[in-house]
Protein chains: 4
Amino acid sequence: MKRLGIHSFVWTGGQTQEGLEMALEKSAEHGYRCIEFAYLRPELFDLDRLAKKSQELDVQIGVTMGLPLDKDVSSEDPDAVAAGKAMLADAVRAVRDVGGDKLGGILYSAHTKYNRQPTADGWKNSVQAIAETAEIAQAAGVDLVLELVNRFETNLLNTTAQGMKFIAETGNDHVRLHMDTFHMQMEEANLAAAIRMAGDKIGYFHIGESNRGYLGDGTIDWDPVFDALVEIGYNRDVVFESFSTAIVDEGLSLACAIWRDTWTENDPLAAHAKQFIEQKWAEAERRRATNIRA
Amino acid sequence: MKRLGIHSFVWTGGQTQEGLEMALEKSAEHGYRCIEFAYLRPELFDLDRLAKKSQELDVQIGVTMGLPLDKDVSSEDPDAVAAGKAMLADAVRAVRDVGGDKLGGILYSAHTKYNRQPTADGWKNSVQAIAETAEIAQAAGVDLVLELVNRFETNLLNTTAQGMKFIAETGNDHVRLHMDTFHMQMEEANLAAAIRMAGDKIGYFHIGESNRGYLGDGTIDWDPVFDALVEIGYNRDVVFESFSTAIVDEGLSLACAIWRDTWTENDPLAAHAKQFIEQKWAEAERRRATNIRA
Amino acid sequence: MKRLGIHSFVWTGGQTQEGLEMALEKSAEHGYRCIEFAYLRPELFDLDRLAKKSQELDVQIGVTMGLPLDKDVSSEDPDAVAAGKAMLADAVRAVRDVGGDKLGGILYSAHTKYNRQPTADGWKNSVQAIAETAEIAQAAGVDLVLELVNRFETNLLNTTAQGMKFIAETGNDHVRLHMDTFHMQMEEANLAAAIRMAGDKIGYFHIGESNRGYLGDGTIDWDPVFDALVEIGYNRDVVFESFSTAIVDEGLSLACAIWRDTWTENDPLAAHAKQFIEQKWAEAERRRATNIRA
Amino acid sequence: MKRLGIHSFVWTGGQTQEGLEMALEKSAEHGYRCIEFAYLRPELFDLDRLAKKSQELDVQIGVTMGLPLDKDVSSEDPDAVAAGKAMLADAVRAVRDVGGDKLGGILYSAHTKYNRQPTADGWKNSVQAIAETAEIAQAAGVDLVLELVNRFETNLLNTTAQGMKFIAETGNDHVRLHMDTFHMQMEEANLAAAIRMAGDKIGYFHIGESNRGYLGDGTIDWDPVFDALVEIGYNRDVVFESFSTAIVDEGLSLACAIWRDTWTENDPLAAHAKQFIEQKWAEAERRRATNIRA
């Protein structure tokens, strides 16, 4: 991996400039080298100041978001699609302005529990919107990564195979996949095989436990995940994500159905996650070396 | 286990009398000894005829359901709670009339992706409603089992520990837990430990894969699950559940977010599930015997 | 896989012609399409008769063996090496004469718990002996496969990586690996990765549980093993192997340290193994198909 | 657990007084609070000096051994049995004299790859010898723990069930089991179930990987092991064991069939093992807490 990072919601609900700056500082303090923010409306935050702090601390910023239903690019409603494209273009610019290097998340549909089946026209609209956004992103020097999430958070891209088909249809090499173990545990038949299948198309990787709490405190069988990442030589960013009722962004908490406190103290959580991921990665590398040593 | 059964949605969307009768026949043909129906509105179906067919085929009927939001007994709105209690009482009677032996599912809240946090008053209302329903069910000779489901399908009872607390508060030994591996895989820290903790309080058990498709085609580590069921001497019903877009009850498909066809043919699915469960159970019994044999 | 087979020691200690013929019949009766015999001294058995029965029943014969210490081709003693080469040449001829298609097992060293470290000269002697035997085998139309076994049964080739290095040094494409899950469970860091690394160099594959008893009655995590075999498109023979004190070849029982009866009845064992392997293989194929289906 | 320790063979072949003292120091330096020595012949070592150093460093000494064939208490030869008892009594005294608190290992038979089946008379002789040794040990304030090892290192006690039967027959509560994950991985049907079955009868616990190398670099599924130790409230010593050709006691290397260097540097190995075990233990405790938290 290139850099190990952490989601800002471990530190803050993200409502204030002070909260975001504190999150950058806490991440740096724990030795994380990148951070994930939710989409920051430029009129509410001082992006320059965040960019500067990120540089000073050597903590790279990435941004993720999900579209609202009225800006859903997978809709059959042209107005919603147009509004969604505009929002994505704005988001790319905000990522660039905050010194971020990637825009990820549910960019291809709304972030919601859908109450309708996906449609072929909606899929096409979404492919087109992402293809257009990719050109804007490429010009802005921002990576574009599409998060594959579970069925309760989108109806369009739940699996790696769907994601691979989607990005192929965009016809744009700048679009990659944003994979997340929490979602994969629900949707994939085989996490390791999915990672190996996606290979170099993985642009961003979330490490989250099956119940969104402490790593190791759920059902994910981690060793094959790390084996697969090592096997494909994954060398982009890896970010730890965990949500609790202890720290709340209300919109995200509801979209993600966070009803329980899987933890209350964030410092030990962040310290554990860093040790867990680094140790698992080292063990996977050792297994690989052992495996080939005659 | 007492009987191995199958959910009727493997066979039919459940809209017609003919569909339900066919489902009973297909279940019997495959050697299943119980079946699960969704709540049957007595005015739409000939319950007597279903009861008779169930007896003839020796396929025991069980019924599951989830409350709608306007009849949510975990609401703070007294009208919704009253309407929910009435619906539960009606459901108990329908189960009795169709010759069923159990009522399960999300009886304690709505079956929905909530957009609000659970509340203490809502919890109390729900406990009270279930306590009252339990008396009606006991009098009717119907078992009452509460399904623990994932965060996207209720906000009240996601884990076994929550379920144990809830049934303790009802003060009624007639209420037991309805556990389901699909939901446990998302919410529990340790499936086997949850099963051992619940022990005799498990009144009904759903076997479903992590992606709701073929058993073995997902991420659940099955051997510890069967080991735990054997260890506690579980001897109530076990039912296989799988959903696909191939067979659809629209309401359930949307509530459960079924966007993909994990299978298209139900006969091989049903045959495989029976072999899978019976083989895994036998292997768990053998492991246990091997383990203690000096 | 090409054919699913079973080791003859499930049926017989292998001391008599009648025992071997019965073993062929039992294997056919259970639907196995190949069988493994231990090396048959031509002066003690009617090889023609076995060959004919094998053809009639359509049960392909394969033969495995381990060298005795006084014929150890990994020795530094030229007399032992020469005696070993002669024994291997004799064995190839016997395999051909019995209508067998492969010679496997511990052909490159003694089958024993060694009391000395392996040596560089012994390794060279062994490579040379196998290279020579490979030419004889190729001429005889017999596949030559080297079994990687645990540290207590040889000191030379315990891992896949060692085996790959060894066969590369023979410079002969006719030599392949004979892999066995029982041994791999002890020696490999990662069974699936070893299978994928060996790929087309796997010439024969043993399915045995960690304690040599019923499949599923030990510690092997089977799904990744079958996933890897399916992923590499393994299409040579797979043979089930299990030993118990219930049926005994004294030499093999001592070499393999069989002190316990992991089973007493062989018919249910053989029926279970066939169902287990075929079901696991089908599940692995389904996982792979699910994984790539968009 | 009470104390986390490490086997001295990570540090030294154990041939010299200086080597053993260095091993005590290295263990203390890495934060281990106990150490395991192989049986120390009192005439060759200064036991007082070791005892004093152990006290100063607060690193508790434990001793393990295996009997030689000519002192095999599971023999049918009365002379061997008598010689074995004498050796065990001497060993108990040496443990006491070096300030040790436990004697473990293969005390009930030879430590060898047997070339004969175990016998009923041999079992009785062994039970009797251990019962007598237990009284001596109890009087000396030394715990007596019997190591269950794989089939290639004894023919008598390979499984927990056999060990439970054996210690029950000694009729002496002072005898407990010495369990070891390396051996369990080969012999048990279910490691966690074996640990739960043994419960309070576990007197000592070895953590070793399936290939005797780095933890995590083999096939053991560790989480259920730690879950079970936490579940039974295990609170005696846990010791990490790993062997490589990098550090050699020739007798033990041959008995244990150590032909490969699973590692060459012991400091990173020891540091990793400590972190691995402590992290896994903490994760198991967290899983347990999460599991029961409503």
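Convention: sequence-line order gives letters A, B, ...; per-chain numbering from 1.
In terms of heavy-atom pairs under 4.5 angstrom with chain D, the leader among B/M164, B/R287, B/K165, B/E188 is B/R287.
Applying the salt bridge (Lys or Arg N to Asp or Glu O under 4.0 Å) rule to D/R236 yields the partners D/D200; only residues at least two apart in sequence or on another chain are considered. Checked against ring pair (Phe, Tyr, Trp, His ring centres under 6.0 Å), D/H7 has the following partners two or more places apart in sequence or in another chain: D/F9, D/F243.
For D/E231, the part sitting under 4.5 Å from any heavy atom of chain B is the side chain, from C-beta outward, and nothing else. The part of D/R196 that comes within reach of chain B is its side chain, from C-beta onward, which places non-hydrogen atoms under 4.5 angstrom from that chain. For chain D, no part of B/D223 is nearby; none of its heavy atoms comes within less than 4.5 Å. For D/N158, no part lies under 4.5 angstrom from a heavy atom of chain B.
Under the 4.5 Å side-chain criterion, counting only non-hydrogen atoms from C-beta, B/Q162 is not in contact with D/R293.
The two residues B/A294 and D/A161 come nearest to each other via the heavy atoms CB-O, 3.5 Å. Among all heavy-atom pairs drawn from D/N291 and B/N190, the shortest one is OD1-O, 3.6 Å.
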